[in-house]
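Single-structure report; data block below.
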Amino acid sequence: MASQRKQYPFSDFEPKWQQRWAESGAYRTPNPGDEGFDPGKPKYYVLDMFPYPSGAGLHVGHPEGYTATDILARHHRMRGFNVLHPMGWDAFGLPAEQYAVKTGQHPAVTTAHNVGQFKTQLQRIGFSYDWSREVNTTSPDYVRWTQWIFLQIYNSWFNPATNRAEPISTYTGSDPDSVRLAYVAEMPVNWCPELGTVLANEEVVDGKSEVGGFPVERRPMRQWMLRITAFAERLLSGLDGLDWPESIKLLQRNWIGRSNGAFVDFTPEGGDKITVYTTRPDTLFGATYMVLAPEHPLVARITSADQRTAVEEYVKSVASKSERDRQDASKEKTGVFTGAFAINPVNGERIPVWIADYVLTGYGTGAIMAVPAHDDRDHAFALKFGLPIIQVVQPPSPVEGCFTGDGIAVNSGILDGLSTAEAKDKITAWLEERGVGRGAVQFKLRDWLFSRQRYWGEPFPIVWENGSHRAIPEGELPVRLPDLDDFKPTGTAEPPLSKAEDWVRYSDTARRELNTMPQWAGSCWYYLRFCDPNNAERFIGRDAAAYWLGDGSQKSGGVDLYVGGTEHAVLHLLYSRFWHMVLHDLGHLPTPEPFQRLVNQGIILGTDGQKMSKSRGNVVNPDEVIDDYGADAFRLYEMFMGPLEQMKPWSMKGVEGVYRFLARVWRLAMHEDQEGRWQLSDAVADIPPTPTQLRVLHATIKKVTDDLSTLSFNTAISQMMICVNELTAAERRPVAGLRTLLILLSPFAPHIAEELWEHLGRKFPGFEKGAHAQPWPVHDDSLLMDNEVEIVLQINGKVREKLTVPKDASCEQLEAAARAHDKFSAHLAGKETIKVVAVPGKLVNFVVKG
RNA sequence: GCCGGCGUGGCGAAAUGGCAGACGCAACGGACUUAAAAUCCGUUGGGAGGAAACUCCCGUGCGGGUUCAAGUCCCGCCGCCGGCACCA
């Protein structure tokens, strides 16, 4: 293909238009207060998930969503919106740092190089980004505000009375550090001594490091945490108002994991109370033993002398397991009896207390009552260790084994005969009356471990003095990374920043925080900076925020459309919502939610139907596609493949298909002379379209417009193909029809639309400005339908004949026409007609017998 | 295990409960050409019958159901993909 002659000169005019757009600032979007800003226009903020600029460059998966948003951005401009359509770089992160360690190049150098490469590639596709708003999470100007936002979080607390984040100054307790939204805690992490670094859970396989296979141990380390759990309820309820795919909302709901239940106090013999959390207080009478997490603080105190050795050994063996190992539910349960007994508050029963690692220390109270008859895990544990099983819920219909559903309480004293829901209410009230329990809500969501022992990330704007931390003054932001030559892991638990001794020394008595922020930090708020990227006074100006995010009075707040992959369904999208909520509470943002509408694009597979990967060798490079077929064909194919949200394989033949389509568009207007030069075709004439052409044109206006509103790009393109096929068949082409077609095509294939517009404008009037600057056309309903429509005549739902009738024929007229149809009425002969169903404009169905 | 999503020609896919397969790819036939490529025109779900115009039957993962009418709605399975995975 590469050596083959091009079907239309895309390689000449595509770069030309890209250059013109860049030079004229065609897609610069003014802000409120800027010259050229029109406050009368509605706003449309359409955003892509900005990429991590890896060394591998762009692959065809990136531009899928980017093309969709670009088409919508262009379409909205033509419909009179002020469109915010920006792009930037999520440039901190592990791969850059690891590559830097390997090659000895500073990550700032490799990152800058990769950003350049990505930007060149994106610009070749003809995206209408406002590049004057480009942001880079690693630039000092950006880091400054990331750190500033961290300080907002650090300097606030969650007031349960108002259910909001408030400045820490409104906290009246004695220890503000204990309630800050950013706090320090000892947390167990995966520490790999051999690699000298902490690893994420995903980087640990079977208790060994994924890289190198070295042993990994869990060790408590001092970590920065963000108190996202305080917002669990609001993060959950806020989902209801968002136009997101239900599947994504469900993922977040499951991640937040709200459950309704009760705390219940059990009393060990001669000890403090042990509080458990349960979602099934109605099964309290079936509790036959208790289990504490091995790390539970009471374990040591209640363990009997003769069980002490066994318990200590068990606790030790559990401690050496990785989180992942420990949470492997498929494994057989393990545990040890503590030798202690506790009293069940509802019936005074004396039940044994065990420890087992199937009880997690971080959820609920780290202790449970075990009801083996009605909980799968307790059931398995009881069977293994021979503990008693008492049924207290009668299933609606008999079931084998363990029954975990709702039923009728039995063997449960005061609860007998009640439904599960009634029993829960009654026993919870009973517990509360006696002061031995209370209703409670729990969440699976954990606080966000926010620090990393890495070099390539935002430094914390925090210093330590005399064992306590404090914020550095805002005026000192940004805290820049020290320019280390050696940013390798230290080999100890010290982060690499510890090597920058001068930097670490903040004053004679104070030293800087050595951890850096995780990669999520920068991406938590980039959509805000895009609104006002050069503001030196604030992270986002108030006017810019009010305009681009909305003033909070309308439902659609924040980003109007956010397109990206499902892989960010939970973490990025939850973290962003959390930060946004805090900033909103503190009065910095007008809206409570960042992304009103979210759409996930599907993954593009290789031509072999497999996930694209370097190792499979099936990665498609956009540059090569554009070399051979041009940017317009590339864009069009990305959208023509199938529904945006669907997973679909790449096909070079498919690219050729849309390429041929664009060549047909080209030849509608252009003709190649003897010397191989393209001239405006003589077939284009200032004549009125035929009625058929007019009908197809208006059907195309309607279909493309409707399909853009539902993001059905593939069917919009199909309709334009139908339109082009219709116009190609005509010997003389009405210029008005071409004009409309080019306007409709211009968001999809902007270069060719603009080029043809220019050519036509040299001969015909009505081609001023450019295709992209035209108002979006409106279809005329009266032109859509012929006066006659073809309907089908059915017998018992099967099509027998077809018939052309006036489009507004009534049911009675349809039935009469059907009966008058010779061949069709022959089918009816000798049969009894039971019923006739007539649908105007569609069909007549005779239900017959015999 | 639990929770989602998806199963339609040789392939990518269309189809407010109303003619299944629009549009594109591939394939085949024709026109143009010395020839090929490109282009243009046409055929193309499967099967049976007919010389032919044409006629009939089957068909949206499988099995049931609702309906005059089901790819679409309901019930029960199977397969693939994704997420969560001892959260009491």
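Chain naming here is simple, since letters A, B, ... match the order of the sequence lines and numbering starts at 1 in each. All values below were derived from every heavy atom in this structure, side-chain atoms included, with hydrogens, water molecules and symmetry-related copies excluded.
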Expressed in whole Å, how much space separates the [atom1] atoms belonging to [N] and [M]?
N	M	atom1	value
B/rA52	B/rA38	P	33 Å
B/rC68	B/rC77	C1'	29 Å
B/rA88	B/rA70	P	45 Å
B/rG46	B/rA37	P	25 Å
B/rA13	B/rC3	C1'	28 Å
B/rG17	B/rU60	C1'	15 Å
B/rA53	B/rC58	P	23 Å
B/rU43	B/rA22	P	12 Å

If only side-chain N and O atoms count, and only distance matters, is there a donor-acceptor pair under 3.5 Å linking [Y] with [X]?
X	Y	result
A/Asp781	A/His779	yes
A/Thr700	A/Gln719	yes
A/Asp707	A/Thr715	yes

Using the benzene-type ring in the case of Trp, are the ring centres of [X] and [Y] under 6.0 Å apart?
X	Y	result
A/Tyr637	A/Tyr629	no
A/Tyr659	A/Tyr8	yes
A/Phe385	A/Tyr289	no

> In terms of base orientation, is B/rG24 syn or anti, with the syn window spanning 90° either side of 0?
Replying inline: anti

Quick one: [X] [atom1] to [N] [atom2], roughly how many Å, whole number?
X	N	atom1	atom2	answer
A/Phe846	B/rC19	CZ	P	18 Å
A/Lys444	B/rG83	NZ	C1'	11 Å
A/Leu744	B/rC23	CG	P	19 Å
A/Tyr659	B/rA38	OH	P	12 Å
A/Lys6	B/rU39	NZ	P	15 Å
A/Arg446	B/rA85	CZ	P	10 Å
A/Met369	B/rA88	CE	C1'	8 Å
A/Ile355	B/rA88	CD1	P	22 Å

When we call it a touch if two heavy atoms are under 4.0 Å apart, what does [X] touch: a base, just sugar-phosphate, or nothing?
X	value
A/Leu843	base
A/His827	sugar-phosphate
A/Thr566	nothing
A/Arg800	sugar-phosphate

>> With side chain to side chain contact (heavy atoms under 4.5 Å, CB included) as the criterion, how do A/Thr833 and A/Glu815 come out once you've worked through the C-alpha distance, each side chain's angles and the decisive distance to 0.1 Å?
In response: CA-CA 12 Å; A/Thr833 301; A/Glu815 185 177 338; over 6 Å; no

> How is the base pairing of RNA chain B summarised as a dot-bracket string, given the Watson-Crick and G-U wobble criteria with both distances under 3.5 Å, [ ] for crossing and | for another strand?
Replying inline: (((((((..(((.....[....))).(((((.......))))).(((((....)))))..(((((..]....))))))))))))....

>> Does the protein touch nucleotides 2-14 of chain B at the base, only the backbone, or not at all? Give it as B, S and - per nucleotide, heavy atoms under 4.0 Å.
In response: -SS-------BSS

> Take atom NZ in A/Lys384; do more than 12 heavy atoms of anything else shown fall under 6.0 Å from it?
Replying inline: yes

> Is it true that atom NZ of A/Lys249 has more than 12 heavy atoms of other residues, nucleotides or ligands lying nearer than 6.0 Å?
Replying inline: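 More than 12 heavy atoms, drawn from other residues, nucleotides or ligands, come within 6.0 Å of this atom.
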
>> For a side chain to side chain contact (heavy atoms under 4.5 Å, CB included) check, start with the C-alpha distance between A/Met369 and A/Thr283, then their side-chain angles and the critical distance, and finish with the verdict.
In response: CA-CA 10 Å; A/Met369 65 174 199; A/Thr283 62; 3.6 Å; yes

>> Is it the case that B/rC19 (base atoms only) and A/Lys842 (side chain only) share a donor and an acceptor within less than 3.5 Å, ignoring hydrogens and angles?
In response: no

>> At less than 3.5 Å, do the side-chain atoms of A/Lys835 and the base atoms of B/rC68 form a donor-acceptor pair?
In response: no

May I ask you to decide if [Y]'s main-chain N or O and [X]'s side chain share a donor-acceptor pair within less than 3.5 Å?
X	Y	result
A/Arg635	A/Pro747	yes
A/Gln391	A/Val393	yes
A/Ser613	A/Arg616	yes
A/Tyr358	A/Gly335	no

> Between B/rA88, B/rC68, B/rA38, which nucleotide gets closest to the side-chain atoms of A/Tyr363?
Replying inline: B/rA88

> Looking at B/rC68, B/rG24, B/rA88, which one has an atom nearest to any side-chain atom of A/Thr278?
Replying inline: B/rA88

> With nearest nucleotides of RNA chain B determined for A/Ile717 and A/Phe443 from heavy-atom distances, which residue corresponds to the more 5′ nucleotide?
Replying inline: A/Ile717

Between protein and nucleic acid, restricted to nucleotides 26-29 of chain B and to nitrogen or oxygen atoms under 3.5 Å apart, what atom pairs and distances do you find?
from   : atom 1 : to       : atom 2 : distance (Å)
B/rA26 : OP2    : A/Arg660 : NH2    : 3.1

>> Going by ring-ring contact (aromatic ring centres under 6.0 Å, His included), name the residues that satisfy it together with A/His568, two or more places apart in sequence or in a different chain.
In response: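 For A/His568 the ring-ring contact (aromatic ring centres under 6.0 Å, His included) partners, ignoring immediate neighbours, are A/His572.
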
> Yes or no on side chain to side chain contact (heavy atoms under 4.5 Å, CB included) for A/Trp255 and A/Leu251, after CA distance, side-chain angles and deciding distance?
Replying inline: CA-CA 6 Å; A/Trp255 187 264; A/Leu251 286 177; over 6 Å; no

> So which heavy atom on A/Val620 is nearest to which on A/Met612, and how close?
Replying inline: N-SD, 3.5 Å

> How close do A/Val789 and A/Lys807 get, heavy atom to heavy atom, and via which atoms?
Replying inline: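 Smallest interatomic distance, heavy atoms only, reads CG2-CA, 3.8 Å.
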
>> Before you tell me yes or no, could you show the steps for A/Asp240 and A/Arg253 under salt bridge (Lys or Arg N to Asp or Glu O under 4.0 Å), namely the whole-Å CA-CA distance, both residues' side-chain angles and the distance that decides it to 0.1 Å?
In response: CA-CA 10 Å; A/Asp240 294 339; A/Arg253 288 194 183 106; 3.2 Å; yes

>> Whether A/Tyr358 contacts B/rA88 is assessed here as follows: a side-chain N or O lying under 4.0 Å from the phosphate OP1 or OP2. Is that the case?
In response: no

Mind listing the N/O atom pairs, protein and nucleotides 41-47 of chain B, below 3.5 Å?
none

> Where along residues 788-799 of chain A does a heavy atom fall under 4.0 Å from RNA chain B?
Replying inline: A/Glu790, A/Val792, A/Gln794, A/Lys798, A/Val799

